[in-house]
Every structure is written in structure tokens, then in C-alpha cells.
Number of protein chains: 2
Amino acid sequence: MRRDSRLSRMLHVLIHMDRIDGAATSDQIAQMLGTNPVVVRRTMAGLRDDGYLHSEKGHGGGWVLTRPLSEITMLDIHRAIGNPAFFAVGVAVDHPECLVEQAVNSALGSAFEAAEKLLIEKFASVTLADLADEFDQRMAKIADKPTCELSR
Amino acid sequence: MRRDSRLSRMLHVLIHMDRIDGAATSDQIAQMLGTNPVVVRRTMAGLRDDGYLHSEKGHGGGWVLTRPLSEITMLDIHRAIGNPAFFAVGVAVDHPECLVEQAVNSALGSAFEAAEKLLIEKFASVTLADLADEFDQRMAKIADKPTCELSR
DNA sequence: CATCTCGCAACAACAAAAGTTTCGAATTCC
DNA sequence: GGAATTCGAAACTTTTGTTGTTGCGAGATG
Ligand code: FES
Ligand code: FES
């Protein structure tokens, strides 16, 4: 099953955007992400609708953060890209009236529920500012810095 | 993303199989699962290879459990169908040298790792006999029993 | 007005499970 | 021995959702 990489990508981008002056174009961001500008617009549209980003057309336009990183959690971003399912494994409902199926799916369901609860708690507790701090710590430790055009 | 239902299906089937005498054919099982015999063989091949099932050709042939349910855990079955990924969300590695990406993916990774650990512990702690007990409890509570040809 | 840039729609590519068709081979029944 | 069962395996097609691509329109800037 193909893994959804939108959350990872958006977190990455937002932290970079916080470090640059002015707007970042979809083109620049696409290069960062190794993809193309249309995918960027598609994914970031959700973040704009939820009020984390603003987009501007024309010369000097592009995407701008509208909130401090400390006010955005990983969970916020997950929700902004449409709350995609966390799990690739699900329950089958082939015979809904079958009590065996019900017992199995109840056990599976409660396991996934507990795991999802853990994930959500974790995601809600980490702000993008926390991730930026983590980045700074890594940055302080090494000599040769990344050289992407958006990394400064 | 389509959800993998093999685990749920196999658990369902195995518990039913424990309650019937003799072998169950792929055809019968396919009816139980609302699918067709080829899918059944494909999925159950893994369980046979791991020693939970035996298959026999010809008249009177089919699938037989080779172990008591108390010696099979949910985790065993997950492994037997090929250890499919639990999560539909993954990390992007577009710029492996980028420290922001590393910080983001480290946070995501540790969250998923913790959730996976929880899932694995839970799955390892539940045997199919536990699920069968759960089924019996549900069975005792209701009047009209399921009527599938494999349910007795 | 030329250029930049987003917005949107339509569609192709891709991946993985699920479903289907069609063989063959082994076993059992008559 | 022949017919009927039943699994095994290969080679598709279908399905579902992310990702990638192309093309055109509409603001904004200089
Ligand atoms: S993509 Fe993170 S440094 Fe350029
Ligand atoms: S499928 Fe469970 S009762 Fe028939």
C-alpha cells in the first residue's frame, strides 16, 4: 500500500517557510519536495482553508505563513490535509450479523483505537516550533549545512 | 487508500474452522468471506507455510487447523499474511540531507514507532482462543443465532 | 501589456489489495 | 481407469487513492 507522505511533506515545508523572508512560490516549494507545483498547491490548499497559510498571486506572490509555528501542532496539519486514515489495515464486514466477525472486529477495532489515540495525543502535543527547535539542535552539531535555496 | 482486510478475514475464518469437523474447502470459506476461492487460497497459503493450517487435495479435502487456537496469536496471523504495513501514513525522503526533513521524520517516526509497539503488544497478547471466548459470550446473549453453513 | 503566480479541472501513472480466468496436478470415489 | 473434487499457481483485470502532468483562466505586479 502506498504511504501517504503529505503530512511529512507539509511539516517540512512549513518549517522552512518560517525561516525565509517573503513568500515562497509553489515552484520553489515543489523543488524542495521533489515534486511539481500543482501537487504543492493541491496539498497546501487545505492549510490555507484552515488559516495556516495565505497565498498571493502575481509578481512576488506565493505562500506565506499566517501563524507562528508555536501555534500549529502536527495534528492541525494532519487535519488540514483532510484527516487521512492512519491505518492501512482495516476490518472486513463480509457478514455483519456473524458473531465471530463481530468479536474479531471488536478486538481489532479496540487495538487500532488505542493506537490511534496514542498517535493523536502525540501529534497534538508537538508544535511545529518544537520541530524547528529540534532542527536547530541538529544544525548546531554539524559543519556542512544543507544548501537548498529555501534553507536560509 | 484501500484498507487491507486480510488479517480480519483470517481471524474470522480460523475461529470458524475450529468449530467444524473435518476440512473446509476454499469454496466454503470463500462464501463465508464474500469472496472467491482463489483469494482464499492466496491468503491462506501464508498460514499454511507458517504451520497453522494444512491443506489437502481431492474429495474430502480442504483446509484444516493444525494447532489449538490457544497457541495462535493475532500477531502470528499478521506475520503469516506477510507482515503488511500497519500505517497508511509515511514519511517523505525527498531531501535526505535536509535537517528539517530529518527532524520532522524523526518526530513522525517515533510517534509511529510507539503506536506500532502498542499494536504489536496488543496483538501478541490476544490468542484466537480469547477471540473464540469473546464469541461465546456474545452467543450466549442473543436468541437468533447466525445461520451461515460454517457457523456450526 | 508582458510576466509572474495561483486556481482549477481533467487526466495519466502508480501501487497494492482484491477479484477473475484458466490452466495443471493430486486425491478420492465409483 | 475414469470422473469428480480440490488445491496450486500463473496471468490477467478491477478497484481505490495518492501522486504526477498538462492546459487554461484569472488576478497581481511592473
Ligand atoms: S528541502 Fe530542506 S533544505 Fe532544502
Ligand atoms: S461467516 Fe461467520 S457465521 Fe458464517
Side-chain angles (χ1 to χ4, degrees), chain A residues 1-10 12-13 17 22-49 53-64 66 78 80-94, chain B residues 1-10 12-13 17 22-49 53-64 66 78 80-94:
Chain A
M1 214 164 248
R2 182 180 257 187
R3 307 281 263 286
D4 187 335
S5 65
R6 285 175 293 179
L7 176 57
S8 167
R9 282 178 157 182
M10 287 302 98
H12 180 184
V13 164
M17 286 180 63
T25 68
S26 302
D27 246 310
Q28 292 174 303
I29 295 171
Q31 283 187 6
M32 263 178 64
L33 261 34
T35 180
N36 69 74
V38 181
V39 174
V40 171
R41 289 191 195 105
R42 188 151 63 206
T43 312
M44 297 185 68
L47 309 213
R48 182 191 52 222
D49 295 346
L53 293 175
H54 173 73
S55 59
E56 198 76 49
K57 294 177 181 175
H59 263 131
W63 299 87
V64 195
T66 54
H78 181 256
I81 59 181
N83 258 315
F86 283 120
F87 298 106
V89 174
V91 301
V93 282
D94 300 315
Chain B
M1 220 162 244
R2 183 180 255 187
R3 305 280 265 284
D4 187 337
S5 64
R6 286 175 294 177
L7 176 58
S8 168
R9 282 178 158 181
M10 287 302 99
H12 180 184
V13 163
M17 287 181 63
T25 68
S26 303
D27 247 309
Q28 293 175 302
I29 296 171
Q31 282 186 7
M32 262 178 65
L33 260 34
T35 179
N36 69 75
V38 181
V39 174
V40 171
R41 290 194 194 102
R42 187 150 64 203
T43 312
M44 295 183 71
L47 309 214
R48 182 192 52 222
D49 295 344
L53 293 175
H54 174 72
S55 59
E56 198 76 49
K57 293 179 180 175
H59 264 131
W63 299 86
V64 196
T66 54
H78 181 255
I81 58 181
N83 257 316
F86 283 121
F87 298 106
V89 173
V91 302
V93 281
D94 301 315

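Atom CD1 of B/I81 is separated from atom C1' of C/dA18 by 13 Å (rounded to the nearest Å). Distance B/R9 CZ to C/dA17 P: 13 Å, rounded to the nearest Å. When the P atom of C/dC6 is taken as reference, atom CG of A/D49 falls 15 Å away, rounded to whole Å. When the P atom of D/dT6 is taken as reference, atom CH2 of B/W63 falls 14 Å away, rounded to whole Å. One atom, CG of B/L7, and another, P of C/dA18, lie 11 Å apart when rounded to the nearest Å. In this structure, CG of B/D27 is placed 14 Å from C1' of D/dA4, rounded to the nearest angstrom. When the P atom of C/dT20 is taken as reference, atom CG of B/L33 falls 13 Å away, rounded to whole Å. Protein atom CZ of A/R6 is 9 Å distant from nucleotide atom C1' of D/dG17, rounded to whole Å.
Taking NE2 from B/H12 and CG from A/D94, the interatomic distance works out to 7.5 Å, rounded to the nearest 0.5 Å. One finds the CE atom of A/M44 at 5.5 Å from the CH2 atom of A/W63 (value rounded to the nearest 0.5 Å). Between the OG1 atom in A/T43 and the CG atom in A/L33 there is a gap of 8.0 Å [rounded to 0.5 Å]. Between the NE2 atom in A/H59 and the OG1 atom in A/T25 there is a gap of 11.5 Å [rounded to 0.5 Å]. Going from atom OG of B/S5 over to atom CE of B/M10 covers 8.5 Å, rounded to the nearest 0.5 Å.
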Item checked: Verdict with reasoning, A/N83 to A/H78, per side chain to side chain contact (heavy atoms under 4.5 Å, CB included) -> CA-CA 6 Å; A/N83 258 315; A/H78 181 256; 3.3 Å; yes

Checklist line | B/V13 and B/R9: CA distance, side-chain angles, deciding distance, side chain to side chain contact (heavy atoms under 4.5 Å, CB included) verdict | finding: CA-CA 6 Å; B/V13 163; B/R9 282 178 158 181; 5.5 Å; no

Checklist line | Steps toward side chain to side chain contact (heavy atoms under 4.5 Å, CB included) verdict (A/M32, A/V40) | finding: CA-CA 10 Å; A/M32 263 178 64; A/V40 171; over 6 Å; no

Check: When every nucleotide of nucleotides 25-30 of chain D is labelled 5' to 3' by its protein contacts under 4.0 Å (heavy atoms), B for base, S for sugar-phosphate only, - for none, what sequence of letters results?
Finding: --BBB-

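For D/dG8, the OP1/OP2 oxygens have a side-chain nitrogen or oxygen of B/S55 closer than 4.0 Å. For D/dT18, neither phosphate oxygen OP1 nor OP2 lies less than 4.0 angstrom from any side-chain nitrogen or oxygen of A/S5. Between C/dG7 and A/R48, a contact under 4.0 Å exists linking OP1 or OP2 to a side-chain N or O. Residue A/R3 has no polar side-chain atom (N or O) positioned under 4.0 Å from OP1 or OP2 of D/dT18.
Remark: side-chain polar atoms of B/R3 are paired, donor with acceptor, to backbone N or O of A/F87 under 3.5 angstrom.
Residues of residues 35-47 of chain B that place a heavy atom closer than 4.0 Å to DNA chain C, in numerical order, are B/T35, B/N36, B/V38, B/V39, B/R42.
Among the nucleotides D/dT6, C/dT5, D/dT19, the one closest to the side chain of A/T25 is C/dT5.
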